[in-house]
Amino acid sequence: PDFAEAWNKRATVYYLLGRYDASVIDIHKTLTLEPRHFGAMSGLALINLALGREREALKAFEAALRVHPNMPGADTHIRDLREKINGRGV
């Protein structure tokens, strides 16, 4: 119950099954146990992206990038989301 990575792994399984609500619950548990878990932050961003919640996705990607400045793909997502939110995106 106190192992953040176990919660994150289950969140990943839920994500892959398309069970986003269950995944978000486990992501929040992961982040409660380990607030700097950039994988959980990224997962939350991807869920928000899949649900069309661009602003929430942007916040989660930005949080993940603050923890892991070299996270692959995060800067691209952030740039694309900022452009979309500001009306210059596709």
Under 4.0 Å between a Lys/Arg side-chain N and an Asp/Glu carboxylate O for Arg82 and Glu62?
-> yes
Which atom of Ile85 lies closest to which atom of Arg55, heavy atoms considered | CG2-NH1, 3.1 Å
To the nearest 0.5 Å, how far apart are NZ in Lys59 and CD1 in Ile78?
-> 13.5 Å
Mind listing the closest non-hydrogen atom pair of Ile47 and Ser23 along with its distance?
-> CD1-OG, 3.3 Å
At their closest point, which heavy atom of Lys29 faces which heavy atom of Pro1, and how far apart are they?
-> CE-O, 3.9 Å
Assess whether side chain to side chain contact (heavy atoms under 4.5 Å, CB included) is satisfied between His37 and Glu5, documenting all intermediate values.
-> CA-CA 9 Å; His37 197 295; Glu5 192 56 31; 2.7 Å; yes
Leu49 versus Leu81: any side-chain heavy-atom pair under 4.5 Å?
-> yes
For Ala22 and Tyr14, the nearest pair of non-hydrogen atoms, with its separation, is CB-CD1, 3.5 Å
Can you hop from Leu17 to Val24 via hydrophobic side chains spaced under 4.5 Å?
-> no
Is there a donor-acceptor contact under 3.5 Å from the side chain of Ser42 to the main chain of Phe38?
-> no
Ring-ring centroid check Tyr15 Tyr20, cutoff 6.0 Å | yes
CD of Glu34 to CG of Asn8, rounded to nearest 0.5 Å, is 10.5 Å
Gap between atom CZ of Arg53 and atom CG of Leu44 - 0.5 Å precision = 9.0 Å
CG (Leu58) and NZ (Lys84) are apart, to the nearest 0.5 Å, by 12.0 Å
Find the distance between NZ (Lys9) and CZ (Phe3) and round it off to the nearest 0.5 Å.
-> 9.0 Å
same_hphob_cluster(Leu51, Phe61) at 4.5 Å side-chain heavy-atom cutoff = yes
Using a 4.5 Å cut-off on heavy atoms from C-beta on, say whether the side chain of Asp26 contacts that of Thr12.
-> no
Determine, using the 4.5 Å side-chain heavy-atom cutoff (strictly less than), whether Val13 and Trp7 are members of one ILVMFWY cluster.
-> no
Identify the heavy atoms of Leu46 and His77 that sit nearest to each other, and give their distance.
-> CD2-NE2, 4.5 Å
Which heavy-atom pair separates Ala60 from Met41 by the least distance, and what is that distance?
-> CB-O, 3.5 Å
